[in-house]
Amino acid sequence: MKRYVSFLLAAFLTLGLLTACGGGPASGSGADASNTSAEYKDSFLYAITNDQDTLDPQWNVSNDKVLRMIYSGLLKRDPDGVIVGDLATEWKVEEDNVTWTFNLRPGVTFHDGAPCDANAVKANYDRLIDADNPTRYTDQNTFITACNVVDDSTVQLVTDKPFGAFTANMMNLAHLIVNPAYLDQYGADYGKSAGACSGTGPYKVVEWKKDESMTFEAFGDYYGGPPATKNFTIMVITEPNARVIAVETGQVDIADGLPADDIDRLSGLDGFQVVKKRSVGQHMFQFNCSSPVTGDTRVRQAISYGLDRQTIVNTLYSGDDPCTAPLNPATFGYYNFGTIKQDQAKAKQLLTDAGYPEGVSIKVMVTPVYMKGVEMGEMIKAQLREIGIEVKLETVERAVFLASLDSHTPESYNQTYGYDMFIMGAGPSSADADGGLKRVYVTDPGGTNVNNYGFYSNKEADALIIEAGDETDQEKRKELYKQAMQILYIDDPVSVWMNDRYNTFVMSDKVDHFDAGITGIIAFDQISVRK
Amino acid sequence: MKYAVTRLLQLIPLLFVLTLVVFILMRLIPGDPVTIMLGHGAPPDAVAVERVRLGLDQPFYAQYLLFLKNLLKGDMGVSLSTGNTVASELVRRFPYTLTLALGGTVVAAVLGMMAGVVAAVHHNKSIDNTIVTVSMLAISTPSFFLALLLMLLFTFLLGWLPSIGLTSWKHAILPVITLGLSGMGLVTRTTRSSMLDVLSQDYVRTSRSSGIPEKITIYSHALKNALIPVITVLGLRFGYLLAGATLVETVFSIPGIGRFMVDGVLKRDYPVVQSTILVFAASFVTINTAVDLLYAFVDPRIKYE
């Protein structure tokens with residue numbers, strides 16, 4: 001009975017916050033070579049938090065869990081985080097250190113049977129780097145200057161300068177290869193419906209009911225062999241407690257994004273298994289460095305020393321770890337600086353040194369976009385009050401949160417919003433420090449917060465991060481990132497880093513061979529579910 | 001008939017004013033559909049490309065006139081976030097909402113009227129007090145909480161009914177009961193108080209004293225005369241539910257019209273919000289006109305000129 005009462009209490013508390021509250025070209029041949037064992041089902045259901053915005057990898061911002069099943073890239077990251085070949089069987093950098101040559105896997109076809117050759121790859125990269133017709137990720141790939149076809153099975157990518165994180169950056173979903181014929185046919189509508197997309201991945205989309213479900217069918221000619229299960233369906237269940245009920249009552253086989261309390265409860269029940277995988281994600285509170293108050297390094301340090309992260313993480317994110325660096329340990333370039341311990345005396349001294357012996361008031365923005373984000377703000381408010389900092393907490397919806405990050409200058413930001421600190425979640429899709437630090441912390445050339453959300457600027461950190469990106473010796477890169485992170489994390493903090501995230505999945509104990517990568521990619525093609 | 005046509009014609013200026021109000025309100029609230037679609041860190045040049053593609057680079061008045069022009073041609077526009085036409089999304093989602101609205105109203109009508117009559121007939125007795133208490137509970141319990149309680153009982157503990165989606169009649173039971181019970185309280189109270197009025201009328205006393213069986217007196221004579229306010233409540237309830245029971249749709253993961261519009265507001269999906277509000281307003285007025293006409297059927301003394 002206690003089980004039900006605790007479920008109901010958790011459900012009620014969460015729901016109390018709810019107030020904010022095709023046809024196309026014929027696909028390839030059908031698959032029948034999937035798991036034929038009588039022991040396994042020929043389909044399974046997966047509950048997901050949000051629907052896909054688009055199935056076009058160069059415009060998708062929702063997540064790439066599903067896209068990796070439809071498309072392949074030249075390279076991919078295996079579940080252990082190692083970069084391996086996908087459409088490319090071999091690759092190397094030429095002596096000029098800027099030309100990368102990829103040998104393509106022979107005989108690979110798109111879902112409609114068209115060959116995936118060097119020309120198809122070139123069409124995708126030409127689209128990605130076309131500055132005149134930019135896609136969502138063009139600005140993140142300006143390091144690629146050209147894509148050249150050597151022959152049908154060989155393609156070269158040319159970078160503007162030697163780039164140490166080149167292959168890691170190719171893990172971004174925008175590098176997935178789509179069928180160019182479909183791009184021509186559908187134009188801006190590419191990826192907007194089930195029939196309007198085509199890749200080389202293990203599954204093709206056969207039905208997409210927006211905000212409801214997406215159904216996949218095995219692609220029989222997948223070069224990696226048939227998927228373990230012939231069909232699977234992604235069910236969109238936005239409400240966390242509904243996902244809990246769905247998986248607990250067997251209405252779906254696997255669910256993610258469940259509240260920590262329910263994960264703890266379900267892990268103790270018979271018939272369920274919990275898979276916890278380290279991710280590259282972190283939660284943090286980023287400083288507005290253009291604010292008169294938090295523009296002062298000493299105030300930022302005082303806030304950092306004023307917080308007891310371990311207590312906050314234990315209370316809100318059971319199972320996560322307090323951060324030990326500006327990067328998650330799963331990210332290349334990580335260095336363990338240790339969790340910054342709460343030191344209230346030091347924090348008060350820093351505030352006094354900054355000219356606030358009687359304390360100071362700051363405005364902090366939180367949003368329920370991040371799970372338990374509002375509660376984390378409340379705990380921070382209570383802890384900072386103990387060192388004399390009065391926090392005015394403002395909770396905003398996603399639209400306002402995003403509007404506050406929309407290319408503001410310091411003047412327009414402070415006039416319109418005036419937050420001294422704001423919640424943020426981050427994790428580089430490249431799983432590399434270059435993606436985790438350069439775009440978001442190096443001084444923005446235009447002086448806006450389009451990428452560098454808190455207007456942070458430290459010339460020493462800028463130089464170290466840029467040098468580390470240009471360096472191709474990976475050990476030297478690590479050393480340079482370590483020096484940069486010493487500045488970002490401790491000496492001139494850009495954020496208060498809170499917790500390193502894990503991706504946690506709850507599923508029936510009948511699910512076999514489930515695995516997920518550090519960037520949250522799930523190997524749906526490996527999953528089998530016993531009857 | 002003339003009355004109905006007049007009422008429906010009055011819709012035209014109402015809808016016109018509504019388009020203007022909703023158009024202005026959507027653009028006054030902070031947030032931009034393109035930055036919501038492209039997430040934080042979206043490069044300004046990609047944002048500009050999308051704004052042009054979606055026609056959001058045009059001046060507000062031009063956007064509004066285009067919206068009106070297309071609307072007159074029957075084109076409600078394309079959802080900025082899904083790329084589907086708003087009309088096709090409404091057509092796909094309407095059956096879900098209609099199922100919930102019809103089911104919820106029928107359950108509320110049957111249970112509420114039965115309970116209301118019983119309470120009135122047993123006025124001031126323990127059964128009356130019990131019904132009044134239960135109806136107060138039904139009115140004051142939030143629908144999403146009631147939904148969770150029903151899920152706990154019928155899905156969790158008993159395992160009888162599914163709770164996700166609306167793909168079969170079994171899936172409809174829990175959300176329909178949730179909405180039915182939520183509406184039942186008001187119907188019960190309205191029926192009870194209306195019946196109490198009627199039961200004290202002279203003709204009921206006459207009927208009883210002339211030896212007509214009590215059941216006929218209550219159900220044939222009294223109830224029919226007590227129905228007008230009950231029909232009003234049911235009509236309003238049905239119109240309200242047709243606009244989508246957003247919380248219940250969310251808890252049961254049903255992609256109805258209510259969720260569609262709330263998601264539209266959260267994503268600043270202008271065409272979705274502008275068009276669905278028009279549909280809501282039109283259906284609400286139509287239903288209330290139908291209810292007015294029903295009065296004349298129930299009570300022949302009512303005539304519309």
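In this text the structure is predicted, and so the values were computed from the model without any measurement. First the proteins, then the strands, lettered A, B, ... as listed; each starts at 1.
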Using a strict cut-off of less than 4.0 Å between a Lys/Arg side-chain nitrogen and an Asp/Glu carboxylate oxygen, indicate whether B:Lys267 and A:Glu397 qualify as a salt bridge.
no

Interatomic spacing from CG in B:Asn84 to CH2 in A:Trp208 - rounded to 0.5 Å:
8.0 Å

Is there a donor-acceptor contact under 3.5 Å from the side chain of A:Arg136 to the main chain of B:Leu38?
yes

Identify the residue among A:Thr135, A:Asp139, A:Asn451 that makes a side chain to side chain contact (heavy atoms under 4.5 Å, CB included) with B:Pro43.
A:Asp139

Can you tell if the side chain of A:Asp211 reaches within under 4.5 Å of the side chain of B:Asp263, non-hydrogen atoms only?
yes

Exercise: do B:Ser253 and A:Glu239 side chains pair donor with acceptor under 3.5 Å:
no

Part of A:Ser407 within contact of chain B (heavy atom distance under 4.5 Å)
side chain

For B:Pro44 and A:Val450 the tightest heavy-atom approach is CD-CG2, 3.9 Å

Who wins among B:Ile254, B:Asp32, B:Thr155 for the most heavy-atom pairs under 4.5 Å with chain A?
B:Thr155

Gap separating the CD1 atom of A:Ile245 from the CZ atom of B:Phe252, nearest 0.5 angstrom
8.5 Å

Among A:Gly446, A:Ala47, A:Ala403, A:Pro134, the residue with the most heavy-atom pairs under 4.5 Å to chain B is A:Pro134

Separation between CG (A:Leu402) and OG1 (B:Thr35), nearest 0.5 Å, reads 6.0 Å

Please classify the contact between A:Tyr137 and chain B as side chain, backbone, both or neither, with a heavy-atom cut-off of under 4.5 Å.
neither

Could you report the tightest heavy-atom contact between B:Ile164 and A:Gln251, atom names first, then the distance?
N-OE1, 3.1 Å

When rounded to the nearest 0.5 Å, the distance separating CE of B:Met37 from CH2 of A:Trp59 is 8.0 Å

Option that, when pairs with chain B are counted at under 4.5 Å, heavy atom only, ranks first among A:Val252, A:Thr416, A:Ile237:
A:Ile237

Roughly how far, to the nearest 0.5 Å, is the NZ atom of A:Lys209 from the CD atom of B:Glu89?
12.0 Å

As an exercise, state the distance from CG of A:Asn241 to CG of B:Leu152, rounded to the nearest 0.5 Å.
11.5 Å

Between A:Ala242 and B:Val251, the two heavy atoms sitting closest are CB-O, 3.5 Å

A:Arg243, part contacting chain B, at a heavy-atom distance under 4.5 Å:
neither

Return yes when atom CZ of A:Phe143 has more than 12 non-hydrogen atoms of other residues, nucleotides or ligands closer than 6.0 Å, and no otherwise.
yes

Under the criterion salt bridge (charged side-chain N to carboxylate O under 4.0 Å, His left out), I'd like the reasoning laid out for A:Glu212 against B:Arg92: C-alpha separation, chi angles, the key distance, then a yes or no.
CA-CA 11 Å; A:Glu212 194 175 352; B:Arg92 178 169 76 88; 3.0 Å; yes

Would you say B:Leu266 and A:Arg398 make side-chain contact, with heavy atoms under 4.5 Å?
no

Side chain to side chain contact (heavy atoms under 4.5 Å, CB included) between A:Thr238 and B:Arg259, intermediate numbers included
CA-CA 11 Å; A:Thr238 52; B:Arg259 255 179 74 190; 4.1 Å; yes

